[in-house]
Amino acid sequence: MKKIIFWIFSVSVLFALDFNRLVLVDENHAEIKQNNRIYILDSYIIPFEQPYYIFVKSKDNKKFELDEVHDMAIEYIKTRGCTSPLKKREDLYMKNNEQTTFIIVVEC
């Protein structure tokens with residue numbers, strides 16, 4: 001089986017994530033309006049493992065900053081998948097070069 005590994009610049013480190021193992025949690029899809037902008041949030045997991053990978057994308061595909069969406073993404077996942085206290089994994093946060101998508105990573 002051929003694996004494709006994408007390299008994305010993380011907030012703190014270069015991190016390789018095997019996107020082939022990620023599974024979309026369909027029921028966690030959301031579009032949230034904040035500050036006159038719509039953000040698309042989807043969460044992914046690797047089955048039977050932690051953490052949650054929360055993909056946050058601007059619907060207009062324009063650049064945004066992590067601090068614009070961070071708290072919103074944390075609140076979004078708390079009600080959808082956390083059964084224990086949430087732990088941020090900031091060491092695994094990622095973004096694309098254009099800053100139109102961020103991946104916020106949490107364990108819970």
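- The side chain to side chain contact (heavy atoms under 4.5 Å, CB included) with Ile77 is formed by just one residue from the set Ile54, Val25, Leu41, Ile104; it is Ile54.
- A donor-acceptor pair under 3.5 Å is absent between the side-chain atoms of Asn35 and the main chain of Arg37, judged by distance alone.
- Salt bridge absent: Lys63 and Glu98 never bring a charged side-chain N and a carboxylate O closer than 4.0 Å.
- Criterion: ILVMFWY side-chain heavy atoms under 4.5 Å apart, direct or through other members. Under it, Phe19 and Val106 are part of a common hydrophobic cluster.
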I would like to know whether Thr101 and Met94 meet side-chain contact (heavy atoms from CB on, under 4.5 Å); could you show each step before the answer? CA-CA 8 Å; Thr101 303; Met94 295 169 257; over 6 Å; no
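- Residues Gln34 and Tyr39 share a closest heavy-atom pair of O-CE1, 3.9 Å.
- Atom CD of residue Glu31 and atom CD1 of residue Ile40 lie 5.0 Å apart, to the nearest 0.5 angstrom.
- Taking NZ of Lys95 as the reference point, atom CD of Glu65 lies at 7.0 Å (rounded to 0.5 Å).
- For the pair Asp71 (side chain) and Glu75 (backbone), a donor-acceptor distance under 3.5 Å is absent.
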Step-by-step side-chain contact (heavy atoms from CB on, under 4.5 Å) determination, Tyr52 to Arg80: CA-CA 11 Å; Tyr52 274 95; Arg80 288 173 170 82; over 6 Å; no
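- The SG atom of Cys82 sits 13.0 Å away from the NZ atom of Lys87 when rounded to the nearest 0.5 Å.
- A distance-only check finds no donor-acceptor pair linking the side chain of Asn28 to the backbone of Ser43 [under 3.5 Å].
- Applying the disulfide (SG to SG under 2.5 Å) definition to pairs two or more places apart or across chains, none involves residues 40-81.
- Aromatic rings of Tyr44 and Phe55 (six-membered ring for Trp) have centroids within the 6.0 Å cut-off, being under it.
- The residues Glu107 and Lys88 are annotated as not salt-bridged, no charged nitrogen and carboxylate oxygen being separated by less than 4.0 angstrom.
- A distance of 14.0 Å separates CZ of Arg89 from CD1 of Ile103, quoted to the nearest 0.5 Å.
- The aromatic ring centres of Phe102 and Phe64 sit less than 6.0 Å apart.
- Looking only at distances, a side-chain donor or acceptor of Gln50 sits under 3.5 Å from a matching main-chain atom of Cys108.
- Linking Ile, Leu, Val, Met, Phe, Trp and Tyr residues whenever their side-chain heavy atoms come within less than 4.5 Å leaves Val56 and Ile38 in two separate clusters.
- Contact detail for Leu92 and Val105: the closest heavy-atom pair is O-CG2, 3.5 Å.
- Within 6.0 Å of the CG atom in Asn61, the count of heavy atoms belonging to other residues, nucleotides or ligands exceeds 12.
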Step by step, would you call Leu22 with Ile45 a side-chain contact (heavy atoms from CB on, under 4.5 Å)? CA-CA 5 Å; Leu22 291 178; Ile45 59 169; over 6 Å; no
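- Here Thr100 contributes atom OG1 and Lys57 contributes atom NZ; the two are 5.5 Å apart, rounded to the nearest 0.5 Å.
- Summarising the geometry of Tyr76 relative to His29, their closest heavy-atom pair is OH-N, 4.4 Å, with the distance given to 0.1 Å.
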